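All values derive from a computational prediction rather than experimental measurement. Order of the sequence lines sets the chain letters (A, B, ...), proteins ahead of strands, with each chain counted from 1.
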Amino acid sequence: MSRPTDLVQGTLDLLLLKILALEPLNGWAISQRLKQVSGDVLQVSDGSLYPALHKLEQEGWITAEWKASENNRRAKFYSLTRLGRGQLQAEAANWARLSDAITQVVRLEEA
Amino acid sequence: MRIEHWLYKLPLRLRSLFQRKRVEQDLDEELQYHLERKIEEYVAQGLTAKQARRDAIRAMDGLTLRKEECRETWGLSAIENTIQDIRYSLRLLAKSPGFAATAVLTLAMAIGANAVVFGLLNGLILRPLNVPQAESLYGIQHGNEASSYQSYPDYLDLRDRNRSFDGLAAYSITQVALDTGDNPSSSWVDTVSGNYFDVLGIHPYLGHFFHGSDEHGPNSAPYVVLGYAYWHNHFADDRGVVGRVVRINKRPFTILGVAPPEFHGTLLLGIPDLYLPLVDQEQLEGQNNLTDRGNRWVFMAMGHLKAGVTPAQAIADLNSIGSYLEKTYPKDDAQRSFTLARPGLYGDYLGRPVRAFLTALMLLAGLILLAACANLGSLFAARAADRSREIALRLALGASRNRILRGLFTEAALISLGGGAIGLLGSVVLLRALSVWQPISGFPQFHVPVEPDANVYAAALLLVLVSGILFALVPTRQVLRTNPYQVVKSGPAGAVGRRISVRDLLLAVQIAICAVLVTSSMVAVRGMERSLRSDFGFQPKNAMLMGTVLDMAGYHGEAVPAMQKQMIDAMKKIPGVTHVGLVDWEPLGNGSWHGSTVFTDETTDLRPSNAAAEPVLYVVSPEYFHAAGTALLAGRDFTWHDDKNAPRVAVISKEFAYRIFGSVADAMGRHYKMMDGARIQVVGVVEEGKYKNLAEDPQPAMFFPILQSPSSTTSLVVRSNRDPGQLAAAMRTTLRSLDAGLPCEIETWSAALDLALFPSRVATMSLGVLGAMGAILAGTGIFGMAAYAVSRRLRELGIRMALGAQRREVLRAGLGRALKLLALGSTAGLILGILASRVLASIVYQANPRDPLVLTGVVLAMLLLGLLATWIPAQRALSLDPVTLLREE
């Protein structure tokens with residue numbers, strides 16, 4: 001599975017979980033939302049989005065149902081499960097630790 | 001957490017597995033939706049519909065790949081890939097049926113051999129007796145020898161004085177005549193102590209059993225319990241037998257009940273017909289030894305250890321009783337020390353040799369499996385090398401090495417499962433047959449209880465798995481190292497190296513193992529053949545035995561010798577009969593013998609420690625030596641005048657003469673003493689013989705005239721050149737005319753030797769089979785190697801031939817290596833085999849590993865194998881047509 005090079009390993013899961021925590025969305029809407037909230041900084045290729053979603057679904061973190069989309073066509077909507085909420089917390093905490101640590105390192109002044 | 005996880009996961013998995021189409025449609029639709037929205041977006045940006053579509057698909061990095069990635073997350077790929085691997089492997093195997101058949105059959109043979117040997121081990125050693133709480137059941141064995149005989153008074157003391165057993169039962173084995181009304185037939189029975197069934201915890205299938213409280217001294221319990229099989233066969237499952245009175249040795253006994261079907265007595269190798277009280281010994285065996293402390297005739301005493309008592313504590317307890325017995329009865333009970341043993345194989349007496357033999361056999365079978373795995377491993381490696389181009393191509397096209405290895409393992413698993421299934425099937429058939437086999441005529445109850453059970457199946461499955469993994473591991477390194485670029489560029493022949501490869505090493509090891517097997521089987525077969533030709537000290541050929549037990553038929557006192565004389569005279573009148581003699585127990589018969597202590601004539605203090613020898617004792621009639629074909633070296637045969645009124649005389653064996661008198665000539669006319677002080681004069685010396693078993697060292701033996709030492713249990717030896725079947729019929733008619741109610745057993749002397757020869761026969765048979773397997777494996781191994789070597793170097797050989805190489809050189813190039821390995825492996829195997837055969841010498845009589853015939857035999861066999869196995873590849877190498885070959889490449 002190829003991952004976008006500009007995303008730190010594993011962070012795609014966190015992003016998807018976080019976005020779905022706000023409201024159930026379909027794949028297309030998720031990609032739009034990602035671009036929108038990150039101001040085009042986080043580029044997730046359309047291709048890698050779906051395998052990632054399917055993986056989260058298989059893990060039981062998100063669940064899917066077919067509903068009418070915003071333009072009244074059938075689309076697959078994903079929403080967070082109870083398990084997914086727990087996973088989101090864990091990954092968010094993990095990310096916070098990681099980014100803190102990296103920030104610390106980056107801020108080191110040359111002696 | 002885990003459970004909730006599966007709560008989501010399981011429905012998804014099941015759905016993707018069973019509603020594959022729906023799931024695929026969903027995936028298509030989901031991606032299609034995305035694609036359409038993307039196209040709409042691009043169109044809105046001003047692209048043409050066609051261009052928008054192309055860009056949208058490009059943004060997805062290819063739809064097909066993405067779909068495949070999604071599918072992979074469904075967790076189905078593992079199952080699907082496996083199915084795919086299996087299909088692919090089956091196709092590959094079908095393409096080379098020769099390879100597949102060889103591999104499957106090789107493995108079937110190896111697994112089958114192991115399953116059979118394990119079945120034996122399981123049935124005879126691992127599986128406990130079929131009684132409740134068998135793990136705490138122990139037999140009492142003597143501390144200084146592998147035997148368990150007790151005298152009845154000693155048994156009673158052990159039973160009543162010990163504090164370690166929940167109860168101590170005893171049993172003995174004997175033969176009785178059972179008459180249910182019409183015809184008497186003789187049966188092998190267990191005579192058991194009254195508490196036998198209660199101590200073992202066995203409950204009757206029908207009726208009830210006798211108990212300790214039923215015993216009130218000699219002949220006080222006229223009760224009989226039927227074995228289930230005997231009841232089934234002789235009473236046709238008649239539930240009304242309980243309470244019926246039958247005649248045993250012409251005396252009335254009441255049938256109390258029937259033992260349960262799963263209970264076969266307490267000796268693994270036999271199923272008793274009946275169970276009778278030990279206290280009725282006089283009625284059943286014609287003599288009463290219940291009060292004789294010095295006469296050890298009770299076969300074994302056994303019982304369950306009390307809860308919390310360890311075997312060591314029990315032994316200490318028994319030994320304290322032993323020292324009490326020694327002190328109280330110094331005359332009869334010298335050296336009473338005890339140990340515990342499992343009762344099923346009569347303690348260590350049978351248990352030790354059976355264990356040793358089966359362990360050795362299991363080891364050999366393990367070697368067979370190892371050789372088979374080495375064989376298959378090198379075949380697989382060769383195949384992988386042949387397929388190196390295909391593998392390189394697959395690697396180059398993006399297949400993972402993992403996936404390719406999985407393919408190889410699948411192929412190995414298929415072969416090992418196929419081979420295992422066939423092997424197990426064969427072994428189950430064989431074990432079932434063994435279980436109902438009656439190898440020893442005269443002992444119809446003798447059987448080998450080795451029905452396969454769950455243990456055997458589990459062991460076979462384990463072997464299948466282990467062997468599959470073992471031989472699949474061999475080519476792994478090869479695949480992991482494959483460099484697709486190199487292989488595709490230079491072709492498969494590019495990697496031929498001169499150094500010794502794993503494959504060569506495997507083959508050499510395998511040939512060595514096979515040579516070990518061939519050597520040991522040849523040693524065994526040769527020893528067996530020699531022991532069959534060896535001098536028994538009598539001529540079993542053309543001799544017929546008729547066993548009778550006169551006291552079973554009501555003869556007592558003077559009636560016994562009178563009837564015996566009548567029988568001899570009557571048999572002599574049968575046309576064609578040359579000699580008739582009588583012996584109490586024929587030599588080598590049923591494994592039983594009597595010994596007696598003798599002293600030199602000068603000895604006055606007749607204590608056991610002053611004994612001159614302990615010869616085997618036979619009681620014989622005049623003319624026995626002629627009938628048996630035993631050569632008289634000096635002196636005279638007995639006559640009917642050597643009776644109670646005449647001085648005691650004996651004929652002794654040559655070994656006896658040498659040991660006590662120095663030579664045959666010195667022995668003639670001399671005297672020696674028996675334990676009771678009686679002086680015996682030597683009137684004749686006969687040749688040496690085998691008495692107890694075939695493997696014994698020369699034993700002293702003495703023969704007493706039957707009129708001076710009467711015995712009611714005898715075998716008539718009838719020598720005649722007539723057909724055994726006719727003769728037996730004539731003998732039976734003759735006996736009927738003397739006494740219609742006297743049961744007898746008639747068989748040829750050769751058949752009667754079955755028991756004596758049984759161990760070496762079994763050993764020879766099993767080693768022969770294993771040896772043949774070893775030979776076949778060595779053959780297929782060399783064949784595989786040679787065929788591979790030739791096919792691998794076809795091109796090189798073609799070029800050589802085109803350049804004018806001689807046939808000899810071509811052969812050397814193609815097969816030299818295989819033959820070199822064969823020589824190397826065979827030599828190593830031969831040496832190892834000779835070393836291993838020393839163990840054999842202890843089981844197979846006259847097995848001599850340094851036998852020149854065996855050595856040449858092994859060398860010839862391996863050479864022949866090598867020639868046979870390289871014949872086809874050699875033909876192929878010689879029939880090469882360089883032109884077509886070079887054109888093809």
S.K.: Under the rule for side-chain hydrogen bond (donor to acceptor under 3.5 Å, both in side chains), what residues qualify as partners of B/R58, not counting sequence neighbours?
M.R.: none

S.K.: Apply side-chain contact (heavy atoms from CB on, under 4.5 Å) to B/T476 and list each qualifying residue two or more places apart in sequence or on a separate chain.
M.R.: B/L405, B/F409, B/L473, B/L480

S.K.: Heavy-atom count around B/R53 CZ within 6.0 Å, excluding the residue itself: above 12?
M.R.: no

S.K.: Within a reach of under 6.0 Å around CZ of A/R82, are more than 12 heavy atoms found that belong to other residues, nucleotides or ligands?
M.R.: no

S.K.: At their closest point, which heavy atom of B/C70 faces which heavy atom of A/P51, and how far apart are they?
M.R.: SG-N, 3.6 Å

S.K.: With a sphere of 6.0 Å drawn around CD of A/Q32, does it hold more than 12 non-hydrogen atoms of other residues, nucleotides or ligands?
M.R.: yes

S.K.: When only heavy atoms count and the cut-off is under 4.5 Å, which of residues 29-38 of chain B reach chain A?
M.R.: B/E29, B/E30, B/L31, B/Y33, B/H34, B/E36, B/R37, B/K38

S.K.: State, with a plain yes or no, whether a side-chain heavy atom of B/L27 is found less than 4.5 Å away from one of A/Y50.
M.R.: no

S.K.: Which residue pairs satisfy the salt bridge (Lys or Arg N to Asp or Glu O under 4.0 Å) criterion with at least one member in residues 15-27 of chain A, sequence neighbours excluded?
M.R.: A/E23-A/R33

S.K.: Top residue by heavy-atom pair count (under 4.5 Å) with chain B, among A/S69, A/G86, A/A64?
M.R.: A/S69

S.K.: Among A/E57, A/K76, A/R73, which residue has the highest count of heavy-atom pairs closer than 4.5 Å to chain B?
M.R.: A/R73

S.K.: If you define the side chain from C-beta out and look only at heavy atoms, does anything of B/E40 sit under 4.5 Å from A/W28?
M.R.: no

